[in-house]
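Structure first, commentary second.
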Amino acid sequence: MVDQTTEPYDAVVVGSGAGGAMAAYVLTKAGASVLMLEAGRDYSPDEAPMLNLSRDAPLRGTGTPDKPFGFYDAIVDGGWEVPDEPYSKAEGSDFMWFRSRMLGGRTNHWGRNSFRMGPYDFKPYTRDGLGVDWPISYEDISPWYDRTERIVGVYGANLGLENHPDSGPGVLQPPPAMRVWELFLKAGGDALGVPVVPARRAILTRKIDEREACYWASPCGRGCAIGAAFQTTTSLIPWAKATGKLTVQTGAMVYEVMLDASGKASGVRYIDKATGAHREARGRVVILAASTGETARILLNSQPNGRSEGLANSSGQLGRNLMDTVGSNISAYFPALEGRPVYNEDGAMGLHAYIPFWLYREQAAGRLDFPRGYHVEIGGGFREPGLGGYGDLDGYGSDLRRAVRGRYGAQIGLTQRGEMIPNEKSFCTIDPDLKDRHGIPVLKFSFGWSEHELKQVAHFQSAMRDLVDRLGGTILGDVPSPDKAISVGGEIIHEVGTARMGAKASASVVDGFNRTWDVDNLYLTDGSVFASKAHKNPTLTIMALAMRSADHIADRLRMGEL
Amino acid sequence: MKHTLIRRLPIVDRRTTLRWLFAGLAAGQLAACGELGGEFSWSPPEALTGKGYGTDPDLLDPKTPWPLTLTAAELKTVGALVDLILPADGDWPSASAAGVPLFIDEWVSAPYPSQQEQRGLILPGLAWLDNEARKGGEPSFAEASPEVRRGILDRVAFKDRIPPELETAGRFFSRMRALTIGAYYTTAEGWKEIGYPGNRPASGPYEGPSSEAMSHLRSAVEAMGLTLVSG
Ligand SMILES: Cc1cc2nc3c(=O)[nH]c(=O)nc-3n(C[C@H](O)[C@H](O)[C@H](O)COP(=O)(O)OP(=O)(O)OC[C@H]3O[C@@H](n4cnc5c(N)ncnc54)[C@H](O)[C@@H]3O)c2cc1C
Ligand code: SF4
């Protein structure tokens, strides 16, 4: 039985995370009526336990399979596994898929690290002959980066660094002061030519609109009820609702796109999770932003006239080119930081400073054995003590107590975030056998790194060893070989690329405006459209592309094209 | 980023699991040969199953739904052990006074794979402590003289000095040490001792390092022949 949901809307948007909320916001502001379908439950930022104490939570707040990033983390019905929604992996291949099922998606707890992609990042093939170019250039997208950063609120500094573009005048919020351990690392970096510079994060350091400035407490992953850390549930979604043009339907699990007789998208079919009823929602435009994996799944499962390759897949690229960020870690202990005076180092909790990729010249000159860049995210300081990280201590008694005290604030974690080049081994398809609780066929992932990524890890390891050495530090634990040190595919939660953007219909799924080549009124506004996975964390770019695409859709709606 | 560090925690590391299983087996075999004396064995108890707090608990009113499972005798052993790990010291209370044994009970009783794996090491480990104490003529570890207790710990607490046949016991101790430190320094007393100023909101721009913290940093950096440029 299929129920129909009311009138056709101007647009049906699937997903309420970064990409979906941005599209809905821009379209409702432009006067379009939008139905947003979200598989998860409704969520209010007032649920965020910002100032609650870890010690009052089960296991002192430590992560468990129910809540992988800790009891208080702002995730609902998600994590590395979602109840009743399995996925599978091809034999011999590992992939981790992190999902959430709540209004606002993963924006409720993301790290807010927000780095712009630069000119090289949009034309990687031109630069080194690997992967593919995007159909758009940095100059094409740059105005939308400015607008996105202005709306979102991003702290950072314009530093004029190669391939790390500056923002427009007045766009950025002032970055918070660097903390002692960050300045310490900077002193070492300065001596070695490794830049340690202010980071960029989607966090307000000055109040704008109804959102408050950061108050320098409460881990951002718990959600930020005061609106300082960007999440769609304190900003884009309420603003879109305020136009009176947005209808939000939660608990709505979309499983296919419907086409009309002319081959245009007429809407989507979904399961109302509360009742199990199958429903249809109609719109002049259909926008999928269910996240990189889910968007591919919906399209692969949409099989008009029994076409088993799925919808919008005339290129055969749908589900292919799956990428994640390259990740690895080194953690070190610095005697020089021992016993330093304590002050409040919580700050904005995450990065105030980071190490951007600094070797583009050397790379272009052929002096490096790996083709693409990485940056280093750094963590340390007088943080809230947790349950982990004491494995290397020795002995017991009062000496141990002294060691713990001395150690506090003297450890720094260095985390690689690097570019992956799309490869043949990495893709997702529909599992021919497995279905979820709703009866929807699930994704099967295949994933593999190439030597490019492994060599990049090796470079990171040796560069960080030099930095640690220069600062008199000791690396904690063993440094495994790159093939063991590298993250599992998907583990960094920057999965992108399953419906890539391109200049030609024959080799890509969407055009430069996120519109599918095969269906003129079907758009994808999440990470699925990425043609490459720069080392920069993807969400800011997802939002800038979604905004640009939604502007384009709004123009077409106004002109009566849709 | 903090989340990336936490991220690896709950993942059961295949290599670690295998190592544990293997080591457990080897020690079990040793025990069977009578080398450890008594009836002690490292074979893990059956893992607890049951419900965790689920994927959508009330975050503003946290509840621990699983029952505690340590026996009174086991809690006594835990108390004696954690107080050797972190004894009272000046102003600072001992681990048991700070409530660490209760936390250990909550931990090993939690129905999650990682905690259950640790339970499989910790419960036999507590029995091992008693067994060792009995070999020294004492009724139990908790009732043993301080010298006997220390004598037992001295064989397993220092990484470079653990004899091969005590490898599993060494891992048990190392796990208990890490849990004890974690449990202790997450309490109010622990925060105070270590100086964590707490999850306390402030208004205005972030203050950044105190002048005292900056002069300390400056001398540290200059001592290494480096220059400090403020951020
Ligand atoms: C802990 C963590 C830290 C991170 N840190 C950073 C960071 O610092 N910087 C960065 O750039 N990125 C970061 N990310 C990644 C970032 O969260 C994602 O890139 C971003 O949220 C992707 O946006 P999205 O709109 O594609 O997907 P999501 O935010 O996941 O939203 C998708 C929404 O669609 C819904 N949905 C899925 N399937 C369906 C369906 N079939 N029908 C209806 N609705 C559906 C989901 O329930 C979800 O709400 C982090 C992620 C995590 C988990
Ligand atoms: S650190 Fe600042 S931005 Fe992050 S949650 Fe706390 S108040 Fe919000």
Side-chain angles (χ1 to χ4, degrees), chain A residues 47 49 51 54-60 63-66 68-72 76-77 83 111 176-180 182-184 187-188 190-191 215-218 221 336 340-344 347 350 353 377 379 382 384-385 387-388 390-391 394-398 401 404-405 408 413 415 472, chain B residues 1-7 9-10 52-56 59-60 62 64 84-87 89 106-107 110 112-113 153 157-159 174 177-178 181-183 185-187 190 193-197 199-203 205-206 208-210 212-213 216-217 220-221 224 226-231:
Chain A
E47 296 176 39
L51 298 174
S54 302
R55 73 179 72 106
D56 295 332
L59 307 176
R60 307 267 153 106
T64 66
D66 281 337
F69 300 147
F71 182 81
Y72 289 134
V76 171
D77 294 336
M178 285 192 200
R179 295 159 288 204
V180 161
E182 291 163 317
L183 291 168
F184 176 73
D190 285 347
Y215 63 34
W216 322 114
S218 180
R340 64 195 177 92
V342 175
Y343 66 102
N344 189 340
E377 300 184 358
F382 298 123
E384 179 181 341
L387 258 301
Y390 308 107
D394 213 21
Y396 64 95
S398 297
R401 224 183 236 282
V404 174
R405 277 201 295 259
Y408 186 53
T415 302
Chain B
M1 273 309 310
K2 201 170 173 191
H3 76 259
T4 57
L5 299 176
I6 302 170
R7 188 172 296 176
L9 254 186
Y53 47 65
T55 53
D56 190 12
L59 303 190
L60 296 171
T64 304
L84 281 164
I85 296 174
L86 292 178
D89 189 351
E106 178 189 333
W107 187 266
Y112 295 110
L153 290 205
F158 300 90
K159 288 189 178 125
S174 163
R177 176 172 50 210
I181 298 171
Y185 288 97
T186 46
T187 62
E193 178 189 343
I194 214 162
Y196 177 62
N199 193 14
R200 264 197 243 128
S203 58
Y206 174 57
S210 61
E212 202 194 349
H216 182 275
L217 172 65
V221 159
M224 286 187 233
L226 298 169
T227 335
L228 185 64
V229 184
S230 65

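Keep in mind that what you see is a predicted model, and the values were worked out from it rather than measured. Numbers restart at 1 for each chain; the letters A, B, ... are given by sequence-line order, proteins then strands.
Considering CD of A:E47 and CG of B:D56, their distance stands at 7.0 Å, rounded to 0.5 Å. In this structure, CG in A:L51 is found 11.0 Å from CZ in B:R200, a value given to the nearest 0.5 Å. In this structure, the separation between OH on B:Y53 and CG on A:D66 is 6.0 Å, given to the nearest 0.5 Å. Here OH of B:Y112 is found 7.0 Å from CG of A:L59. Values are rounded to the nearest 0.5 Å. With rounding to the nearest 0.5 angstrom, the OH atom of A:Y390 is 7.0 Å from the CD1 atom of B:I181. With rounding to the nearest 0.5 angstrom, the CD atom of B:E193 is 11.5 Å from the OH atom of A:Y408.
Counting heavy-atom pairs closer than 4.5 Å to chain B, the top residue among A:A187, A:G472, A:G391 is A:A187. Interface check for chain A: of the options B:V221, B:L84, B:L226, the most heavy-atom pairs under 4.5 Å are formed by B:L226. For chain A, the option among B:A110, B:S210, B:P87 with the highest count of heavy-atom pairs below 4.5 Å is B:P87. Counting heavy-atom pairs closer than 4.5 Å to chain B, the top residue among A:G395, A:G188, A:G347 is A:G395. Between chain A and the options B:A213, B:A178, B:A220, B:G208, the largest number of non-hydrogen pairs under 4.5 Å is found for B:A213. Chosen from B:T64, B:L59, B:L60, B:L86, the residue pairing most often with chain A at heavy-atom distances under 4.5 Å is B:L59.
A heavy-atom distance below 4.5 Å is not found between the side chains of B:P197 and A:Y343. When side chains are defined from C-beta on, B:L217 counts as touching A:L183, because their heavy atoms get closer than 4.5 Å. Residues A:P58 and B:P62 are in side-chain contact: their nearest non-hydrogen atoms beyond the backbone lie under 4.5 Å apart. Side chains of B:V229 and A:D190 form a contact here, defined as non-hydrogen atoms less than 4.5 Å apart.
Judged by distance alone, the side chains of A:R60 and B:T186 do bring a donor and an acceptor atom under 3.5 Å apart. With hydrogens and angles left out, the side-chain atoms of B:Y206 and A:N344 include no donor and acceptor closer than 3.5 Å. At a cut-off of 3.5 Å, with distance as the only test, no side-chain donor of B:N199 or A:S218 sits close to an acceptor on the other residue.
Shown here for A:D394 and B:K159, the closest heavy-atom pair between the two residues is OD1-N, 2.9 Å.
The backbone N or O of A:S398 sits nowhere less than 3.5 Å from a side-chain atom of B:D89 that would complete a donor-acceptor pair. Counting only distance, with no hydrogens or angles, the side chain of A:R179 and the backbone of B:P209 share no donor-acceptor pair below 3.5 Å.
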*A:E384 and B:Y185: side chain to side chain contact (heavy atoms under 4.5 Å, CB included), yes or no, with the steps?*
CA-CA 9 Å; A:E384 179 181 341; B:Y185 288 97; over 6 Å; no
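Checked against a 6.0 Å centroid threshold, the rings of B:Y196 and A:F382 do not count as neighbours.
In this structure, chain B has no heavy atom under 4.5 Å from any part of A:S54.
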